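The structure under discussion appears below in the form of structure tokens.
Keep in mind that this is a model prediction, so the values were computed, not measured.
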Amino acid sequence: MSKLKEKKDIKMTIFIIVVGVSLMVAGIYGVVSSRIESRDYKNSTDIQKIPAVIIDFSTSNSKDDSGDVKYTTYKFKVSYVIDGKTYKGKYEERVWSRSSSYEKKYTYDKLRKGDTIDVEVYKTSKGDYKLSPEGSPVDFLLYCAAIPVGLFFVVIMICDIAKDNRKKKNENEMISKE
């Protein structure tokens, strides 16, 4: 095997191991942070709806196979004030096209920077206020899935390294016997 190909193989192996470890770390972080956020929300002594000012926003449509819009996702960066302190956060709303929430879609389509929307906030265990968690069971499932997928990548690459080492050792033994 040429030295150039060997270097490329080593770089690719290291890259895949880094990706695998990153997936595991991201998965663990996602699981832990979503559980903490969920626990804080459930144990909060103060949950309320308040007006928040839109700082920035974007929309995206999800379409079905025939090209019709299934739902529209509205993503807002908002700022809100509680007890004289200003907080910022991200708020997301998904509006299904074929549902009774069409009025909400019509309202959201007219929103611009500087307008206000009502958001739900809760008081954390540290005394700060945060937007209510948006995490869905699908997000949690993806966090959980990232851990074994990352582990799979790492194990496969370690096995590949071990196989290459055994192969090189066998080749060296063959050469020394001759």
Are Ile16 and Asp160 packed together at the side-chain level, in the sense that at least one heavy-atom pair is separated by less than 4.5 angstrom?
no

Verify salt bridge (Lys or Arg N to Asp or Glu O under 4.0 Å) between Asp128 and Lys85, making sure each step is shown before the conclusion.
CA-CA 9 Å; Asp128 292 330; Lys85 188 172 179 184; 3.4 Å; yes

Are Ile50 and Val119 side-chain neighbours, meaning at least one heavy-atom pair lies under 4.5 Å?
yes

Test of understanding: clusters of I, L, V, M, F, W, Y form through side-chain heavy atoms closer than 4.5 Å, transitively. Do Tyr29 and Leu142 belong to the same one?
no

Distance (rounded to the nearest 0.5 Å) between Lys77 NZ and Ile55 CD1
8.5 Å

Applying a strict under-4.5 Å side-chain criterion to I, L, V, M, F, W and Y, I'd like to know whether Val154 and Val25 cluster together.
yes

For Gly150 and Leu23, which heavy atoms make the closest approach, and how far apart are they?
CA-CB, 3.8 Å

Same apolar cluster: Val149 and Val18, side chain cutoff 4.5 Å
no

Answer whether the closest heavy-atom distance between the side chains of Tyr122 and Glu37 falls below 4.5 Å.
yes

Which heavy atom of Ser132 sits nearest to which heavy atom of Tyr41, and what is that distance?
OG-CE1, 3.3 Å

For the residue pair Tyr91 and Ile117, what are the closest heavy atoms and their distance?
CD2-CD1, 3.7 Å

Verify the cluster assignment for Ile82 and Ile54: are they in a single hydrophobic cluster under the rule of side-chain heavy atoms below 4.5 Å apart?
yes

Ile147 side chain near Leu151 side chain, heavy-atom distance below 4.5 Å:
no

For Thr13 and Asp9, indicate whether the former's side chain and the latter's backbone hold a donor-acceptor pair under 3.5 Å.
yes

Are Val121 and Gln48 side-chain neighbours, meaning at least one heavy-atom pair lies under 4.5 Å?
yes

Point-to-point distance, once rounded to the nearest 0.5 Å, from CD of Glu92 to CZ of Phe76
10.0 Å

With rounding to the nearest 0.5 Å, note down the distance linking OH in Tyr129 to CG in Asp83.
5.0 Å

Any chance you could measure Arg39, atom CZ, to Thr124, atom OG1, to the nearest 0.5 Å?
11.0 Å

Could you check whether any side-chain heavy atom of Ser79 comes within less than 4.5 Å of a side-chain heavy atom of Thr86, counting everything from C-beta outward?
yes

Would you indicate whether the side-chain heavy atoms of Ile17 and Ile161 approach each other to under 4.5 Å?
yes

Contact summary for Phe140 and Arg35, nearest pair of heavy atoms:
CE1-CD, 3.5 Å

To the nearest 0.5 angstrom, please state how far the OH atom of Tyr74 sits from the OG atom of Ser58.
11.0 Å

Tightest non-hydrogen contact, residues Ala146 and Gly27, listed as CB-CA, 4.1 Å

Using the rule that two of Ile, Leu, Val, Met, Phe, Trp, Tyr join whenever any of their side-chain heavy atoms come within less than 4.5 Å, decide whether Ile156 and Ile14 are in one cluster.
no

Ignoring hydrogens, what is the shortest heavy-atom contact between Ser33 and Gly30? Give both atom names and the distance.
OG-O, 3.4 Å

